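Shown next, in structure tokens, is the structure this report addresses.
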Amino acid sequence: DTEVTQTPKHLVMGMTNKKSLKCEQHMGHRAMYWYKQKAKKPPELMFVYSYEKLSINESVPSRFSPECPNSSLLNLHLHALQPEDSALYLCASSQETVAGGPGETQYFGPGTRLLVL
Amino acid sequence: AQKITQTQPGMFVQEKEAVTLDCTYDTSDQSYGLFWYKQPSSGEMIFLIYQGSYDEQNATEGRYSLNFQKARKSANLVISASQLGDSAMYFCAMREGPGGGADGLTFGKGTHLIIQP
């Protein structure tokens, strides 16, 4: 089973709203990721959590706040977003392995399509 | 400089023909991983195939194979006997660094493949 779930599928929010995106996996993976994908562009890495600790933050604005409550869950809290933040937000997970190999494969969820008005 | 280069923005292929999608990469790391993902219009990123930098044999997964030419830094995806359902955007991606499953992926710009009946 390589399923990663994300909720909601679609989200429309105003610039003053606070909302959260949720991601869940039950594969025992210890690394989880947030990517942002603008229309007709490739995904761009935002955050990496390894063993529930933030290990990479790709200079993302503070209006995006990640949280990893436990090894299966990853949240992305949104506050005071701008219209240019409208995008597909993808969550992924992978096994935590030492020397690479197929275990480093990242499995993605279906994404949340976010529209900021 | 781009880390991942996909030179074919779009391709039209006749059903049942074989398809080769090009990907070249740029890294000075000895350890890295290469991945191909398929993204249909629904948005989900579907993992297709993985090749580790130390793997001597080309990876294969069903109708997908990866033509890995390390000296040329090339990792082309070959789809045999294409089907209408193969129509999608295809991304080549790379994980650099020591591995361990907690490094983000860098994606190419993608190739939009359309299979014609």
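Residue numbering restarts at 1 for every chain, and letters A, B, ... go by the order of the sequence lines. Computation of the quantities below employed the complete heavy-atom set of this structure, encompassing side-chain atoms and omitting hydrogens, waters and symmetry-equivalent molecules. Bear in mind that the values here come from a model prediction, so they are computed numbers and not experimental data.
Heavy-atom distances place the backbone of B:Ser42, and not its side chain, under 4.5 Å from chain A. The contact between B:Gln39 and chain A is made entirely by side chain atoms (from C-beta outward), counting heavy-atom distances below 4.5 Å.
With contacts defined as side-chain heavy-atom distances shorter than 4.5 Å, the pair B:Asn58/B:Leu66 does not qualify. Side-chain contact check for A:Gln6 versus A:Glu24: every heavy-atom pair is 4.5 Å or farther apart.
The aromatic ring centroids of B:Tyr37 and A:Phe108 lie less than 6.0 Å from each other.
Between B:Lys38 and B:Glu44, no side-chain nitrogen of the basic residue sits less than 4.0 Å from a carboxylate oxygen of the acidic one, so the salt-bridge criterion is not met.
Taking 4.5 Å as the heavy-atom cut-off, the residues of residues 68-93 of chain A that approach chain B are A:Leu88, A:Leu90, ordered by number. Against chain B, the residues from residues 35-43 of chain A that qualify, each with a non-hydrogen atom under 4.5 angstrom away, are A:Tyr35, A:Gln37, A:Lys41, A:Pro42, A:Pro43 in number order.
Residues in residues 46-66 of chain B take part in these salt bridge (charged side-chain N to carboxylate O under 4.0 Å, His left out) pairs, two or more places apart or across chains: B:Arg63-B:Asp86. For the ring-ring contact (aromatic ring centres under 6.0 Å, His included) condition, the pairs that include at least one residue of residues 4-32 of chain B, sequence neighbours left out, are B:Tyr25-B:Tyr32.
Under a 3.5 Å cut-off, the side chain of B:Ser65 and the backbone N or O of B:Thr60 do not form any donor-acceptor pair. Between the side chain of B:Thr111 and the backbone N or O of B:Gln8, at least one donor-acceptor pair lies under 3.5 Å. B:Trp36 places a side-chain N or O within 3.5 Å of a backbone atom of B:Ala75 that can act as its donor or acceptor partner. No donor-acceptor pair under 3.5 Å is formed between the side chain of B:Glu15 and the backbone N or O of B:Ala81.
Options B:Met45, B:His112, B:Met89 differ in how many heavy-atom pairs under 4.5 Å they form with chain A, and the most are formed by B:Met45. Contacts with chain B were tallied for A:Met46, A:Glu58, A:Arg113; A:Arg113 has the most, counting heavy-atom pairs under 4.5 Å.
From B:Asp26, atom CG reaches atom CE of B:Met94 across 7.0 Å, with rounding to the nearest 0.5 Å.
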